[in-house]
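Data first, discussion second: the structure below is written as structure tokens.
Because only heavy atoms are used, hydrogens play no part in the values below, and waters and symmetry mates are left out as well, while side chains stay in. Lettering follows sequence order; numbering is per chain, from 1.
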Amino acid sequence: MSRVRKDPRAERVARTLSETGRRPRLDLGRREAGPASGRPRRDPWREWAASLAGESDTGNGRKRYDRSQRQMNRVEAAHFARTRDGLDAVDVSPGQPALRVIDEPAFLVFAVVAAAGGRLSRFDRQVLGGARLLADAGEGGGAVVAIAAESIEGLGEAGADRLVVMPRASTQRERAEVLKAAVDALSPRHVLFAEEGDSADCARRLSVALGEPLFPDVEHLTARQAVRAIRNAGAEIGLAPPRLMTLGEDRARPYEDVPCEAREIEGGGEIASPDPAILSVEIIPGDPAKLALSETDFVVSAGNGVSDFGAFRDLAAAMKGTPGASRVVCDAGLMPRQAQVGASGTVLAADCYLALGISGAPQHLQGIAGCEHVIAVNTDLHAAMIERAGLAIVQDAQLVMPALLNLLKEREA
Amino acid sequence: MKTIVLLSEAKNPVSGRQQPSRLEAQAIGLAAGLDEAPQGLHAGSSEEGVAAGLGHGLGGLDVVETPAGDDPLPALSAFLRRAFAGDAPPALILCGRRGEGGLETGLVPYLLAEMLGLPILADAVAIRPGEAPETLVVDQAMAKGARRRITVRLPAIVTVHPLAPPPLPFAFGRMRRGEVRRHPAPAADAPAAGTLAGERPHRARPKLMRTAGTASGGANLHVGPEPEEAARLILAYLEDNGIRRYGPA
């Protein structure tokens, strides 16, 4: 690590306003260039102001803070700017444009996103974040190209400059062929995959088709090196980031900065010929009622505020969610132990969590830490689950459940 | 149908003793449903760990004795070419997602498929013979509990997913009775490299913390709404975020 050496005299000259008087006049508060380390300086006052989520509705002027301790991104900053007049969105990240545009990229970095169900998952965002890191490496100027089967919402916020929409392939072999055509056409510097499911499969097919080595399951990715474990995690190997890589889950930070443009470009190849060895392909969707909690994407969960468990099970089935429960409910024998969510139950990987009558003990919140969206229905305004939730409803869960069931029946009719 | 299971040199992460890889033991379990005596195939210097595969249900084990640290691919492909040219060619080759104990790239099945000209399917959780002869129905695990059911023409290579049924119980007597056939390795083109460039002792690195998702804004807190209004809000939130769709509003 070599740091740029500080030149105090040059800094003093840069800050000098006038030297006409007896003493030179300096502007000591001026801060044009960022610090030498390149990391932006934190402003705790601004962060604190930005985390103010609103005043309490009870009218006593009690402030509500979002204490999830995350760095604000621009979407949230805009959200808080709307709820709080005194704070401008630009205040959170001053001097930055609203959209990041790279017109003439010096090189390209491919990020292959699975986006099951047309939504970016956590892992997809991490792959895009890793690609963004590689595109901004060195002197920067690279562009991230998201490779997806369709246009997906939120690609720009996740850090994609360009988007190549691939034709829908029924088999993995066809998918790899189309991707190889795109790699030949656009010749990216890096191609980044997720080490999971179809992406991992596609990475290996592409590696064999191109005759290039693959650097799988990267544990540590920086602009200078990519590191992965080998020999039963007894050794590791670190190289300058190679061309084909797959990224392990939770290994790269998602991009949270100025949105990129995610402009669609041409580049996807055509599907040449169907695979003669594959006779039929059929997709069987998972049944949420029978899925394990660790595998599902939507959990409907009951806590101490729920007493009618028949209605709760009907509701979980009608909402196409997997039923879960808090420890209290499982201890009472009202739900099976496999349904318990939390530190001593299952730690979820779901996208969305609907908490009915759950106050949110710390052990329970640990179990839902990975959930992107949380909806809480609880009678206590000051419950931890209400604070954690993206949609918080202060109401009795026993009253909301039949209303939800009725509404779902109306929708189906 | 004749089935071969590829085995690798897994080690216990704590004791360092050789042991069968769990995924390969699951592959043996899947193979035992198709073939009464599935055969194991291993290329390496020691059979201490892989011999336990016999106790998990293998009918026999072929070990190609390559020097430690050598690339197993030429030995495996030469053995399989001979097997396909023989009078009882294998119909199916099963393996884990990636071999353990070596470079662990997971490329070996794909390179074998390329060399032998076979189709390859990844992440199988269930396999059974197809209705037509010489076909196989493979259920692949996908995200969110979905399955992809593929009918493939044999011979083929299939890799196994951790959600496949658990391995058959280990039986010591079956391991002792099992036959281990040793084969000399084909002449290597290049001597094995002891360590790779850039190799060093492993350092465990922390994963990213799974922090909270969307923050609650003042606009998203609703105190004491009517239950019908609350239900409408919940469904609208689910549909806006693309979690579920519930028919026309």
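- Your options are A:Arg119, A:Arg204, A:Glu295, A:Met401, and the one with the most heavy-atom pairs under 4.5 Å with chain B is A:Arg204.
- Judged as a side chain to side chain contact (heavy atoms under 4.5 Å, CB included), and not counting sequence neighbours, the contacts of A:Ala252 are A:Leu247.
- The candidate with the highest count of non-hydrogen atom pairs below 4.5 Å against chain B, out of A:Asp396, A:Asp351, A:Leu214, A:Ile237, is A:Ile237.
- In this structure, the portion of B:Glu9 lying under 4.5 Å from any heavy atom of chain A is its backbone and not its side chain.
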Please step through salt bridge (Lys or Arg N to Asp or Glu O under 4.0 Å) for the pair B:Arg153 and A:Asp275, ending with a clear verdict. CA-CA 11 Å; B:Arg153 184 171 288 135; A:Asp275 192 346; over 6 Å; no
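- Ranked by heavy-atom pairs under 4.5 Å with chain A, the list B:Pro201, B:Pro119, B:Ala204, B:Ala122 is led by B:Pro201.
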Please table the atom pairs, donor to acceptor, closer than 3.5 Å between any side-chain atom in residues 94-111 of chain B and protein atoms at least two apart or in another chain.
unit_1	atom_1	unit_2	atom_2	d
B:Arg97	NE	B:Asp123	OD1	3.3
B:Arg97	NH2	B:His161	NE2	3.4
B:Arg98	NH2	A:Glu195	OE2	3.1
B:Arg98	NH2	A:Asp217	OD2	3.3
B:Glu100	OE2	B:Ser21	OG	3.2
B:Glu104	OE2	A:Asn232	N	2.6
B:Glu104	OE2	B:Gly101	N	3.1
B:Thr105	OG1	B:Leu107	N	3.3
B:Tyr110	OH	A:Asp201	OD1	2.3

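- In terms of heavy-atom pairs under 4.5 angstrom with chain B, the leader among A:Lys290, A:Arg173, A:Arg205, A:Glu412 is A:Arg205.
- Within the 4.5 angstrom heavy-atom criterion, atoms from both the backbone and the side chain of B:Ile120 approach chain A.
- B:Thr159 does not touch chain A: none of its heavy atoms, backbone or side chain, sits under 4.5 Å away.
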Evaluate the side-chain contact (heavy atoms from CB on, under 4.5 Å) criterion for residues B:Arg203 and A:His220: first the C-alpha distance (whole Å), next the side-chain angles of each, then the deciding distance (0.1 Å), finally the verdict. CA-CA 10 Å; B:Arg203 182 159 78 84; A:His220 179 65; 5.7 Å; no
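- When A:Val400, A:Val208, A:Thr171 are compared by the number of non-hydrogen pairs under 4.5 Å with chain B, A:Val208 comes out ahead.
- With a threshold of 4.5 angstrom between heavy atoms, B:Arg200 approaches chain A through its backbone and through its side chain.
- The choice from A:Gln126, A:Arg228, A:Gln172, A:Glu410 that makes the most heavy-atom pairs within less than 4.5 Å of chain B is A:Arg228.
- Per-residue heavy-atom pair counts under 4.5 Å with chain B were compared for A:Leu291, A:Val377, A:Thr246, and the maximum is reached by A:Leu291.
- Using a 4.5 Å heavy-atom cutoff, the side chains of A:Val227 and B:Arg205 are in contact.
- Neither the backbone nor the side chain of B:Leu154 comes within less than 4.5 Å of any heavy atom of chain A.
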